[in-house]
Colleague: 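Handing you this structure, nothing more for now.
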Amino acid sequence: MLSGLMNLLRACFRPGSEGFSRTGSDGGGRQDGLLWYKDSGQHLNGEFSMAVIQANNLLEDQSQIESGSLSSNESGPYGTFIGIYDGHGGPETSRFINDHLFHHLKKFTSEQQSMSVDVIRKALQATEEGFMSVVANQWSMSPQIAAVGSCCLVGVICNGSLYIANLGDSRAVLGRAVRATGEVLAMQLSAEHNASIESIRQELHSSHPDDPNIVVLKHNVWRVRGLIQVSKSIGDVYLKKAEFNREPLYAKFRLRQPFKMPILSSEPSISVHHLQPHDQFIIFASDGLWEHLSNQEAVDIVQNSPRSGSARRLVKAALQEAAKKREMRYSDLKKIDRGVRRHFHDDTTVVVVYLDSNLVSRASTAKFPGISVRGGGISLPHNTLAPCTTPTEISGT
C-alpha cells in the first residue's frame, strides 16, 4: 500500500512535457525528463543559454534572466539581470526570491535613477525582510518554513559594468581571452560563504567569540552549528531570530543552546567589474555544477563548443563526473528518479551569458523589447510546503 501511495505522489509531482519558463518576447524552454533547458536566447548584451537538472523530490533550485529596463518606470537604465537561487530544506525561499527580488531591484533603481551596489543591497535586504514576514505569518500553522533557506547569486550587466552579489556558495565565473595566446582563462567573480573554507570559519569564530560550537566538523564536513554549510543566506530564519528556534518548530530543527545574535547573515558580498572587450562570457551556476567541475574545466567546455546548448553541455559534463565518482555509467544515472537521484548529485542550475562587446558598450541607453525567462521546475501552489527534512540533510545547497 505504501509503495502504491509513493507511486501516486511521484506521478503527481512528475514534471510535464512542457517547460515551466515564464517568458516575455523570448520563447520558453524544453523538458527532457528531469532536465529543463533553453539552448539559446538573446539578451540585451548578447546571447544566453540555460539548463536545470532536478535531483530532489521537489526542485529547490530556481533561476531567472531578465533583460530590458532595470527600472520600474521603464525609462532605464537598461541591462540584464541574472539570478541563481539554490534552496535548501525546501523550495519556498528560492521561489520567493524568484518572485520578488527583481521587482525590488527595479523599484530601488527607479528611486535612485541608476544601478548601483546600494540598489542591489537594498533589493536583497527587502527580499530577506519579505520572506521573514512570510515565516512570521505562517509560523503557527507551518513552523518548518522557518528552517527553509536559499543561497542567492545575482549578476547585473549595466552601463558597461558587471555587478556580482552573492550569499552562499553558488558561483559566477568569467571566461576572459588572453590576447597574447588566444586562450580563454577562468576568473572567479563571486566570493563564497561556506564553512568548508578556512577563512569563513575564521570569520564565524571572530563574529561569534562566545560560541565555541559556531562551526562543527560533522561526518567530515564543516557545518555552522553542526547544521548547515553556508554562513550566509536568504531565509533560514530559525538561525537568525531566536524566537523562531522554539516550539512549534520541530525538535530536530531546534538548537539545544539559545543564541543572542544571528548565527547566519544575510549581508551579501558585492563586487563591480568593468567589462573589457576580451571578456567572452560568464557562467552562473549553483554549487551542483562546481562540485564536479573546476572553474577552468567549465570555461573550457563553453569555449570549445557551440554557443547553443552550452548550459546543457555543462550540466551533462557535471553528471558524467558524478556517475564516474560512483563507478556507474551516465546512461544508468539518467534512469534514476528524483529524490533517489539526490544521493548522486544535487539540483543543478547553469546560466551561460555571452558578452557582445559592441552591445555591452551601448546597452544602457538602447531600448530592448525585454525578456523574462525562469529556469524549469515543477509548478505547485505557492503555499505548498516541501516534505520536512532533518537538519543533517540541509547541506546549505
Side-chain angles (χ1 to χ4, degrees), residues 43-45 63-85 93-94 96-133 149-172 174 187-193 200 203 207 230-237 240 262 264-276 279 282 284 351 353 355 360-366 368 370 372:
H43 68 104
L44 184 60
N45 311 106
S63 56
Q64 66 188 129
I65 181 165
E66 314 278 345
S67 195
S69 176
L70 300 176
S71 169
S72 56
N73 59 22
E74 300 301 321
S75 62
Y78 292 83
T80 298
F81 173 98
I82 305 98
I84 304 285
Y85 318 124
T93 313
S94 57
F96 185 88
I97 300 170
N98 220 1
D99 288 339
H100 294 87
L101 176 56
F102 184 60
H103 296 293
H104 287 309
L105 181 123
K106 293 183 76 172
K107 172 192 171 188
F108 291 119
T109 302
S110 180
E111 290 177 0
Q112 296 197 8
Q113 298 183 336
S114 65
M115 180 54 59
S116 68
V117 168
D118 189 48
V119 162
I120 297 171
R121 180 174 283 110
K122 284 182 176 179
L124 287 165
Q125 181 182 357
T127 305
E128 165 84 342
E129 291 172 354
F131 188 73
M132 283 190 168
S133 296
S150 181
C151 298
C152 182
L153 172 65
V154 168
V156 180
I157 303 169
C158 183
N159 291 321
S161 293
L162 169 64
Y163 299 81
I164 296 288
N166 195 45
L167 290 155
D169 56 7
S170 295
R171 188 184 301 172
L174 175 71
M187 175 185 293
Q188 185 168 324
L189 301 178
S190 55
E192 293 175 30
H193 315 112
I200 296 299
E203 184 180 294
S207 58
V230 294
S231 62
K232 295 188 176 187
S233 68
I234 300 291
D236 295 306
V237 181
K240 295 174 179 176
L264 299 189
S265 168
S266 60
E267 180 64 28
S269 297
I270 305 179
S271 57
V272 186
H273 307 267
H274 299 291
L275 293 171
Q276 306 296 323
D279 293 336
I282 313 146
F284 296 88
V351 179
V353 174
L355 301 169
V360 168
S361 62
R362 62 183 177 85
S364 61
T365 56
F368 186 72
S372 177

Colleague: Is the shortest side-chain heavy-atom distance between His193 and Val230 below 4.5 Å?
Modeller: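 Contact flag for His193/Val230 side chains = no.
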
Colleague: Going through the checks in order, is the salt bridge (Lys or Arg N to Asp or Glu O under 4.0 Å) test met by Lys106 and Glu66?
Modeller: CA-CA 11 Å; Lys106 293 183 76 172; Glu66 314 278 345; over 6 Å; no

Colleague: Heavy atoms, side chains only, cut-off 4.5 Å: are Asp169 and Cys151 in contact?
Modeller: yes

Colleague: Whether the side chain of Asp279 engages the backbone of Gln276 through a donor-acceptor N/O pair (distance < 3.5 Å, no angle test) should be reported.
Modeller: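 Answer holds: yes.
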
Colleague: Give the minimum heavy-atom separation between Asp236 and Ser150, together with the two atoms involved.
Modeller: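 Scanning both residues completely, I find the closest heavy atoms to be OD2-N, 4.3 Å.
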
Colleague: Quick one: does any side-chain atom of Asn166 pair with a main-chain N or O of Ala191 as donor and acceptor, under 3.5 Å?
Modeller: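 Side chain of Asn166 to backbone of Ala191, a donor-acceptor pair under 3.5 Å: yes, one is there.
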
Colleague: Report yes or no: does Lys232 contribute a side-chain atom to a donor-acceptor pair with the main-chain N or O of Glu267 at less than 3.5 Å?
Modeller: yes

Colleague: Can you measure from CE (Met132) to OG (Ser266) and round to the nearest 0.5 angstrom?
Modeller: 6.0 Å

Colleague: Is a donor on one side and an acceptor on the other found under 3.5 Å between the side chain of Thr80 and the backbone of Ser67?
Modeller: no

Colleague: In Å, rounded to the nearest 0.5 Å, how long is the span from CG of Leu70 to CG of Leu105?
Modeller: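 Rounded to the nearest 0.5 Å, the CG-CG separation comes out at 6.5 Å.
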
Colleague: Do the side chain of Gln188 and the main chain of Ala172 share a donor and acceptor less than 3.5 angstrom apart?
Modeller: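 Flag not set: sc Gln188 to bb Ala172 has no pair under 3.5 Å.
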
Colleague: Go through the steps for Ser71 and Asn73 under the test side-chain hydrogen bond (donor to acceptor under 3.5 Å, both in side chains), then give the verdict.
Modeller: CA-CA 5 Å; Ser71 169; Asn73 59 22; 2.7 Å; yes

Colleague: Would you check if Leu174 and His273 make a side-chain contact, meaning some heavy-atom pair closer than 4.5 Å?
Modeller: no

Colleague: Got a second to check how far Leu275's CG is from Leu355's CG, nearest 0.5 Å?
Modeller: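 CG of Leu355 is found 5.5 Å from CG of Leu275.
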
Colleague: What's the spacing between Leu167 CG and Ser265 OG if we round to 0.5 Å?
Modeller: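 Rounded to the nearest 0.5 Å, the CG-OG separation comes to 7.0 Å.
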
Colleague: Please name the pair of heavy atoms, one in Leu44 and one in Gly68, separated by the smallest distance, quoted to 0.1 Å.
Modeller: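 Between these two residues, the closest heavy atoms are CD2-O, 4.4 Å.
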
Colleague: From Phe81 CZ over to Met115 CE, what is the distance, rounded to the nearest 0.5 angstrom?
Modeller: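 Nearest 0.5 Å value for the CZ-CE distance: 9.0 Å.
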
Colleague: Looking only at heavy atoms, what is the nearest atom pair of Ser233 and Glu128, with distance?
Modeller: O-OE1, 4.0 Å

Colleague: Could you report the tightest heavy-atom contact between Gly155 and Ile164, atom names first, then the distance?
Modeller: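 Scanning both residues completely, I find the closest heavy atoms to be CA-CD1, 4.2 Å.
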
Colleague: With distance as the sole test, does His43 use its side chain to make a donor-acceptor pair with the main-chain N or O of Asn45 at under 3.5 Å?
Modeller: yes

Colleague: Taking all non-hydrogen atoms of both residues into account, name the closest pair between Ile200 and Glu192 and its distance.
Modeller: CD1-O, 3.5 Å

Colleague: NE2/His100 to OG1/Thr127 distance, rounded to the nearest 0.5 angstrom?
Modeller: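 These two atoms lie 8.5 Å from each other.
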
Colleague: Please name the pair of heavy atoms, one in Leu153 and one in Tyr85, separated by the smallest distance, quoted to 0.1 Å.
Modeller: O-CE2, 4.3 Å

